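Scroll down for the structure; my scribbles are underneath it.
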Amino acid sequence: CEAPVPTERNFCEKKKNSEKEIGCYADVRNVPDFEELLSEDVGSVAECTSLAFDASYQYVGLQAGYKYWGSNSAIGKYGSSSKCNYKCKD
């Protein structure tokens, strides 16, 4: 992905059962909203989704266009964000 260096970190997530985008959320540096960083080198969002669901995570998060996260905990504890504008691999 070619993305600008973020001033605020954020996520766009998909839910496991429907693979539905549920929003864009703020993050706090060094205290991520998601449980586990799964990869910084996955080929596509679909590949990341499969990686997270295979690891039994309910939520998939994409951070800054290249960091892929998984979580079963509720997300959004830092509030929503309007900064989900990174170009990502298809």
Side-chain angles (χ1 to χ4, degrees):
C1 290
E2 294 181 15
V5 176
T7 55
E8 177 181 344
R9 297 172 354 148
N10 57 69
F11 296 99
C12 298
E13 297 82 21
K14 293 192 176 230
K15 190 171 165 89
K16 181 178 182 178
N17 295 334
S18 64
E19 293 189 28
K20 175 181 152 188
E21 187 173 320
I22 59 171
C24 178
Y25 299 95
D27 193 21
V28 174
R29 191 172 301 275
N30 299 322
V31 188
D33 201 1
F34 277 70
E35 295 174 55
E36 181 181 359
L37 176 62
L38 299 170
S39 178
E40 292 187 28
D41 187 34
V42 174
S44 69
V45 172
E47 189 178 346
C48 172
T49 301
S50 293
L51 180 68
F53 294 164
D54 288 348
S56 298
Y57 286 116
Q58 182 178 3
Y59 297 98
V60 178
L62 172 62
Q63 180 184 34
Y66 70 98
K67 291 183 179 181
Y68 296 92
W69 295 78
S71 185
N72 285 319
S73 299
I75 49 167
K77 63 185 170 188
Y78 302 117
S80 62
S81 175
S82 62
K83 297 182 181 181
C84 284
N85 57 358
Y86 300 101
K87 292 183 179 182
C88 303
K89 299 175 183 178
D90 290 329

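Note that the coordinates shown come from a computational prediction; the quantities given were computed from them, not determined experimentally. Hydrogens, waters and symmetry mates play no part in the numbers below; they use all other heavy atoms, side chains included.
Heavy-atom minimum distance, Q58 versus N72: N-OD1, 2.7 Å. Across all non-hydrogen atoms, the minimal contact from A26 to S81 is N-CB, 3.7 Å. Smallest separation of non-hydrogen atoms from V60 and F34: C-CE2, 3.7 Å.
For the pair S39 and L51, the minimum side-chain heavy-atom distance is below 4.5 Å. Two residues are said to be in side-chain contact when any heavy atoms from C-beta on lie closer than 4.5 Å; L62 and Y68 meet this criterion.
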Steps toward side chain to side chain contact (heavy atoms under 4.5 Å, CB included) verdict (V31, Y78): CA-CA 10 Å; V31 188; Y78 302 117; 3.0 Å; yes
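Counting only distance, with no hydrogens or angles, the side chain of S80 and the backbone of G76 share no donor-acceptor pair below 3.5 Å.
Within the model, atoms OH of Y59 and CG of D33 stand 11.0 Å from one another, a figure rounded to the nearest 0.5 Å. The SG atom of C48 sits 9.0 Å away from the CZ atom of F53 when rounded to the nearest 0.5 Å. With values rounded to the nearest 0.5 angstrom, D41 atom CG is found 13.0 Å from K67 atom NZ.
Listed by chain and number, the residues in a side chain to side chain contact (heavy atoms under 4.5 Å, CB included) with E36 are L38, Y57 (sequence neighbours excluded). Applying the side chain to side chain donor-acceptor pair (under 3.5 Å) test to S73 and every residue at least two apart in sequence or in another chain returns E35.
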